[in-house]
Amino acid sequence: MAKQLVALENVTYQYDDQTSPALKKISLEVFEGEWLAIVGHNGSGKSTLAKILNGLQFPQEGNVSVCGHSLSEETVWDIRKQIGMVFQNPDNQFVGTTVQDDVAFGLENAGVPQEAMKTRVKDALHKVKMDSFLDQEPHHLSGGQKQRVAIAGILALRPSIIILDEATSMLDPRGREEVIGTVKELKQQDRITVISITHDLEEAAKADRIIVMNQGQIHRQGSPEEIFQMDEELIGLGLDIPFPVKLGKMLRETGIPLTKQFLSEEELVAELWTSHYKI
Amino acid sequence: MDISLQNIEYRYQADTPFERLALSDVSLDIPSGSYIAIIGHTGSGKSTVLQHLNALLKPTKGTVLIGSREIRAGRKEKNLKAVREKVGIVFQFPEHQLFEETVEKDICFGPMNFGVSETEAKRRASVAIEQVGLTKDILEKSPFDLSGGQMRRVAIAGVLAMEPQVIVLDEPTAGLDPRGRKEIMDLFYQLHQDKNLSTVLVTHSMEDAAAYADEIIIMHQGSVFEKGTPSEIFSAPQALIDMGLDVPEVVRFQLKLEQAFGRKMGKVCLTAEELTDVVASFLKGGNPS
Amino acid sequence: MMEKVLFGRYVPADSLLHRMDPRSKLIIIFLYVCIVFLANNPWTYLILAAYTILMAGLSKIAPRFLIAGLKPVLWLVLFTLLLHLFFTKGGEPVVQLGSFAIYEEGIRQGIFISLRFLLLIVVTSLLTLTTTPIEITDGLESLLGPLKKVNFPVHELALMMSISLRFIPTLMQETDKIMKAQMARGVEYTSGPIKDRLKAIVPLLIPLFISSFKRAEELAIAMEARGYRGGVGRTKYRQLNWTFADTGMILLLAAVTLLLIVFRG
């Protein structure tokens with residue numbers, strides 16, 4: 001069993017100006033090295049959850065613990081060292097005037113000596129394949145590139161967990177692919193724990209585990225295969241199902257038996273080719 | 001009302017060290033009553049084309065015809081308002097343009113700028129608010145008290161209330177969740193069908209383009225790469241993929257399947273339903289081709 | 001609209017001026033602004049002009065860009081010139097039309113003051129053309145460093161400046177976008193009566209304010225999430241590098257100053 005990194009117990013959070021809580025008695029765990037997707041339509045409470053995880057908001061009720069620290073005013077800076085966050089709007093998290101300055105920002109805050117910073121900035125940018133853009137200014141970068149720089153800024157700090165808070169929702173398809181591809185590689189190479197908060201089901205399909213949020217509560221959790229069996233129910237929750245799952249279901253309905261549910265196009269093609277195609 | 005771009009060139013910041021060629025020799029037609037999708041990557045020039053459709057930008061070379069109005073490079077143009085009244089643009093993240101105290105005032109802003117009386121503008125506002133799927137009681141609220149999705153709809157209502165003859169949509173569903181996305185796309189398609197409203201959809205989404213448009217124009221590096229009906233465009237998906245462009249997932253899947261099977265399936269499918277039928281009959285032996 | 005103005009924009013190139021330490025450039029600008037007032041006869045203006053042309057040459061910026069950059073301020077220079085021509089009295093009248101006259105002194109002053117104005121603009125634009133705004137900020141932060149001792153918020157000021165610089169292009173894009181969106185809704189920004197054009201600013205400014213507040217809020221959250229908690233204990237990524245060239249350039253300016261003192265009347 002993998003080590004538990006994050007635990008939420010009965011967490012409730014309500015914004016001052018709202019009549020009902022954004023999160024109602026949420027309990028969940030995140031394990032080392034996993035990719036957890038938290039999905040839900042806009043307003044389901046999933047972004048509030050992200051802000052609670054690294055102490056940008058404190059819950060009114062319940063406990064949050066991250067890497068052995070219980071969230072409080074005293075521990076919040078230690079927790080933030082362990083969790084890096086990529087936010088939705090690529091522009092509004094780019095602090096530096098150039099790519100390398102932005103990556104260095106977190107390191108400067110942590111008081112890393114200048115010489116060490118140089119190598120860490122370069123290494124981090126190399127990992128997200130942005131090392132040829134050192135002196136580029138943010139307004140000359142695409143959304144996907146800015147988000148990759150944001151990821152580099154986090155990697156440079158060597159956290160245990162990276163949270164993508166709807167980090168791909170403002171990107172074009174190419175940018176989305178760049179970011180997801182980058183995260184996937186990082187997870188494989190560095191065994192970094194990923195929490196992605198999203199309404200993009202293609203993105204969620206890449207996760208090891210999915211939590212579906214609805215009206216501030218956990219509606220369901222399970223593996224992508226399990227979650228996508230919900231089918232119509234997911235659409236009812238304002239979400240969607242990935243294309244291979246949809247097609248697989250339709251094929252089954254026309255009388256083509258499939259051994260299981262397929263999350264990727266390649267798997268479904270392989271299944272159709274090996275078990276059904278007779279020349 | 002037809003719009004036609006004839007051999008357009010556009011340079012940003014002409015005659016400075018920052019000069020950049022955005023469009024070169026672009027020609028395209030938007031006939032009255034059509035639904036046209038303009039697709040391409042960021043930087044392909046599609047947003048620049050969009051701004052020519054109601055003379056927000058003037059070409060550095062070539063001619064734009066908007067109805068009977070001719071806008072030619074290098075000529076001073078006056079009274080472009082008349083053009084803009086007929087061509088409404090819903091910009092990306094249109095909720096960023098809201099500014100009035102109430103939703104109603106904001107929706108009335110466009111029509112009244114074009115000389116519509118206050119009573120008429122209010123009548124239009126009450127029609128438009130329902131067209132976008134909101135209720136009339138929202139008219140009295142401040143737009144800034146609404147949710148993001150509602151704000152987007154109010155902004156769209158503000159453009160619809162201008163009662164344009166052509167509506168141009170720039171990524172109208174960006175940032176919305178799957179349900180919101182489908183609702184907005186269906187809303188515009190409904191308007192297009194019911195009122196025969198010419199619609200231009202500028203998007204990254206090949207899915208939306210394939211599902212809604214009569215004709216697709218693919219932009220690539222500042223030029224028109226290809227134009228045609230969705231089935232024409234996607235009949236040779238590999239060429240698009242080689243250019244680094246996307247194709248709808250249905251098309252991509254069919255292509256992968258055909259590559260695995262080593263033979264074509266006959267027709268190009270644009271919806272999951274079509275593909276299911278073709279695959280089913282193909283596998284059950286009755287080869288449709 | 002704003003895109004034609006060259007003043008205040010950085011043009012990358014590999015030149016001596018580009019490589020200099022921003023601190024030495026700032027010191028030179030400061031001194032230059034002072035010594036411009038030493039010039040008071042043709043010789044001294046010639047020395048200043050020669051120095052300025054030399055600097056422009058060292059910057060490797062194409063002269064046509066410099067000249068294009070001067071265009072927007074030319075009317076101001078012209079205005080200064082005319083002001084002196086018409087109102088400065090002294091010496092012999094050169095042109096006499098009834099009660100109206102242009103005097104020798106007027107011509108002299110007019111030419112000198114406009115020239116002074118032009119030289120200042122050229123030199124300051126050379127600073128911004130060859131130094132990235134962030135280098136200027138770093139330079140200022142370093143030069144103002146001693147003020148920290150009297151609790152002057154040097155770090156906060158520098159951070160504020162660098163963030164503003166970072167967001168200027170973003171806000172320009174945003175302004176352009178909102179302006180176009182409102183133009184599409186029938187607002188006229190470039191024609192029509194002044195009263196209407198003034199009114200047209202409201203639908204531009206309100207959305208701009210709202211989005212800027214939202215940006216500021218999100219940026220603050222992002223900075224906090226990345227561990228920003230003030231200037232204490234922070235290290236600096238950018239290091240300034242004072243070289244022999246910097247000392248040399250300051251000495252050159254000192255020499256020019258001496259010449260000016262010697263040749264002024």
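Chain letters run A, B, ... following the sequence lines, proteins first, then strands; residues in each count from 1.
Contact count against chain C (heavy-atom pairs under 4.5 Å) is highest for A:Gln100 among A:Lys118, A:Met85, A:Lys81, A:Gln100. Chosen from A:Ile83, A:Asp102, A:Val86, the residue pairing most often with chain C at heavy-atom distances under 4.5 Å is A:Asp102. Of all the listed residues (A:Val76, A:Asp135, A:Val121), the one sharing the greatest number of non-hydrogen pairs under 4.5 Å with chain C is A:Val121.
The CD1 atom of C:Ile221 lies 10.0 Å from the CG atom of A:Asp165; values are rounded to the nearest 0.5 Å. The line from CG of A:Leu107 to CZ of C:Arg234 is 10.0 Å long, rounded to the nearest 0.5 Å. In this structure, A:Asp91 CG and C:Thr170 OG1 are separated by 4.5 Å, a value rounded to the nearest 0.5 Å.
Heavy-atom distances place no part of A:Glu115 under 4.5 Å from chain C, backbone and side chain included. If you measure heavy-atom distances from A:Asn54 to chain C, the contacts under 4.5 Å come from the side chain alone. Both the backbone and the side chain of A:Phe105 come within contact range of chain C, judged by heavy atoms closer than 4.5 Å. Contacts between C:Glu217 and chain A at a heavy-atom distance below 4.5 Å are absent for every atom of the residue.
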Practice task
Show your working on side-chain contact (heavy atoms from CB on, under 4.5 Å) between A:Thr98 and C:Arg238 and close with a plain yes or no.
Solution key: CA-CA 11 Å; A:Thr98 68; C:Arg238 286 183 172 269; 3.9 Å; yes
Handout entry: Residue pair C:Glu218, A:Phe87: steps toward the side-chain contact (heavy atoms from CB on, under 4.5 Å) verdict
Key = CA-CA 9 Å; C:Glu218 289 186 16; A:Phe87 296 91; over 6 Å; no
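Shortest non-hydrogen contact noted between C:Thr235 and A:Met117 is OG1-CE, 3.1 Å.
Between C:Arg166 and A:Asp101, every side-chain heavy-atom pair lies at or beyond the 4.5 Å cut-off.
The one candidate from A:His140, A:His139, A:Glu137 that meets the side chain to side chain contact (heavy atoms under 4.5 Å, CB included) condition with C:Pro169 is A:His139.
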